[in-house]
Amino acid sequence: MLRCQRCQAFIEEGEAYSCYGQTLCEDCYIELLNPPKACDPVAVASALATRRALGQSGTEGLTELQQKICRLIEERGKVTKEELLAELGIKPWELEKQLAVLRHCELVRAFKEENKVYFARF
């Protein structure tokens, strides 16, 4: 059985993708070719409509990791990407993906202050 070189998930025989010399699972392959973008008005509208239809507000419906990111930002007021990476112990591409989702849900925003990018609650 193969392992995804990006997320380390096991891949069933015949379900692996090769991209830029890496063996990837389907999720990582799609994400590598089409990475999530925080500034995506269609994704924001879709996320907000879905959460509204499900009756979700705040951090309801988020993954444990997404909730942890929101808590860290809430506790500190503002954090840098480097601070989040150090605290969470995840790879930069995983943080980017989670921040894009949180931005689409209008729960986290980014802003620049004194040449540093910070993340804060929306």
**Student:** Please determine whether a side-chain nitrogen of the Lys or Arg among E87 and R76 lies less than 4.0 Å from a carboxylate oxygen of the Asp or Glu.
**Tutor:** yes
**Student:** Decide whether L65 and L95 are clustered together by the hydrophobic rule: side chain heavy atoms of Ile, Leu, Val, Met, Phe, Trp, Tyr closer than 4.5 Å, transitively.
**Tutor:**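 Yes; tracing contacts between hydrophobic side chains, which count when under 4.5 Å, links both residues.
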**Student:** Testing the basics here: between V117 and A110, what is the closest heavy-atom pair and its distance to 0.1 Å?
**Tutor:** CG1-CB, 4.2 Å
**Student:** Could you report the tightest heavy-atom contact between V44 and R103, atom names first, then the distance?
**Tutor:**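 Taking every non-hydrogen atom into account, CG2-NH1, 4.0 Å.
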**Student:** Using every non-hydrogen atom in the two residues, find where C70 and L62 come nearest and quote the distance to one decimal.
**Tutor:**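 That closest heavy-atom pairing would be SG-CD1, 4.1 Å.
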**Student:** Please determine whether a side-chain nitrogen of the Lys or Arg among E113 and K78 lies less than 4.0 Å from a carboxylate oxygen of the Asp or Glu.
**Tutor:** yes
**Student:** Does K81 NZ have over 12 foreign heavy atoms under 6.0 Å away?
**Tutor:** no
**Student:** Which residue is it: I73, L72, L102, I69? I am looking for the one with a side-chain contact (heavy atoms from CB on, under 4.5 Å) to F119.
**Tutor:**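 The option that passes is I73.
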**Student:** What's the separation between atom CZ in F111 and atom NZ in K116, rounded to the nearest 0.5 Å?
**Tutor:**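 The CZ atom of F111 sits 11.5 Å away from the NZ atom of K116.
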**Student:** Can you name the closest pair of heavy atoms from A16 and T23 and give their distance?
**Tutor:** CB-CG2, 3.8 Å
**Student:** Compile the donor-acceptor pairs under 3.5 Å between side chains in residues 26-33 and protein atoms, sequence neighbours left out, one pair per line.
**Tutor:**
none

**Student:** Let me confirm one number: the CD-CD distance from Q67 to Q98, rounded to the nearest 0.5 Å.
**Tutor:**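 Q67 atom CD to Q98 atom CD measures 11.5 Å (nearest 0.5 Å).
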**Student:** How about CD on E64, more than 12 heavy atoms from neighbouring residues, nucleotides or ligands closer than 6.0 Å, or not?
**Tutor:**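 No - once you tally the heavy atoms of other residues, nucleotides and ligands closer than 6.0 Å, there are 12 at most.
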**Student:** Are I90 and V108 grouped together when hydrophobic residues (ILVMFWY) are joined by side-chain heavy atoms under 4.5 angstrom apart?
**Tutor:**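 Yes, I90 connects to V108 through the hydrophobic network.
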**Student:** Can you tell me how far the CG atom of L88 sits from the NZ atom of K68, to the nearest 0.5 Å?
**Tutor:**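 Those atoms lie 5.5 Å apart.
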**Student:** Any side-chain heavy atom of C25 sitting closer than 4.5 Å to one from E15?
**Tutor:** no
**Student:** Can we say E74 and R71 salt-bridge, meaning some charged N sits less than 4.0 Å from an Asp/Glu carboxylate O?
**Tutor:** no
**Student:** Apply side chain to side chain contact (heavy atoms under 4.5 Å, CB included) to the pair E13 and M1, showing each step before the final yes or no.
**Tutor:** CA-CA 6 Å; E13 196 65 39; M1 187 171 278; over 6 Å; no
**Student:** Hey, does the side chain of T50 reach the backbone of S46 with a donor-acceptor pair shorter than 3.5 angstrom?
**Tutor:** yes
**Student:** Is the backbone of K37 close enough, under 3.5 Å, to the side chain of H104 for a donor and an acceptor to pair up by distance?
**Tutor:**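 Such a contact is found between H104 side chain and K37 backbone.
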**Student:** Test of understanding: clusters of I, L, V, M, F, W, Y form through side-chain heavy atoms closer than 4.5 Å, transitively. Do L84 and L107 belong to the same one?
**Tutor:**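 As far as the 4.5 Å side-chain criterion goes, L107 and L84 are connected within one cluster.
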**Student:** So does S57 get a backbone contact from the side chain of E60, meaning a donor-acceptor N/O pair under 3.5 Å?
**Tutor:**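 Yes; at least one donor-acceptor contact below 3.5 Å.
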**Student:** If you round to the nearest 0.5 Å, how far is CD of Q22 from SG of C4?
**Tutor:** 7.5 Å
**Student:** Quick check for you: to the nearest 0.5 Å, what is the distance between Q8 atom CD and R6 atom CZ?
**Tutor:** 11.5 Å
**Student:** Cation-pi between R109 and F122: NZ/CZ under 6.0 Å from ring centre and within 45° of the ring axis?
**Tutor:** no
**Student:** Examine distances only and state if a side-chain atom of Q5 and a backbone atom of L24 form a donor-acceptor pair shorter than 3.5 Å.
**Tutor:**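 Side chain of Q5 to backbone of L24, a donor-acceptor pair under 3.5 Å: no, none is there.
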**Student:** Please determine whether the number of non-hydrogen atoms from other residues, nucleotides or ligands lying under 6.0 Å from atom CZ of F10 exceeds 12.
**Tutor:**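 Atom CZ in F10 is not packed in, count stays at 12 or less.
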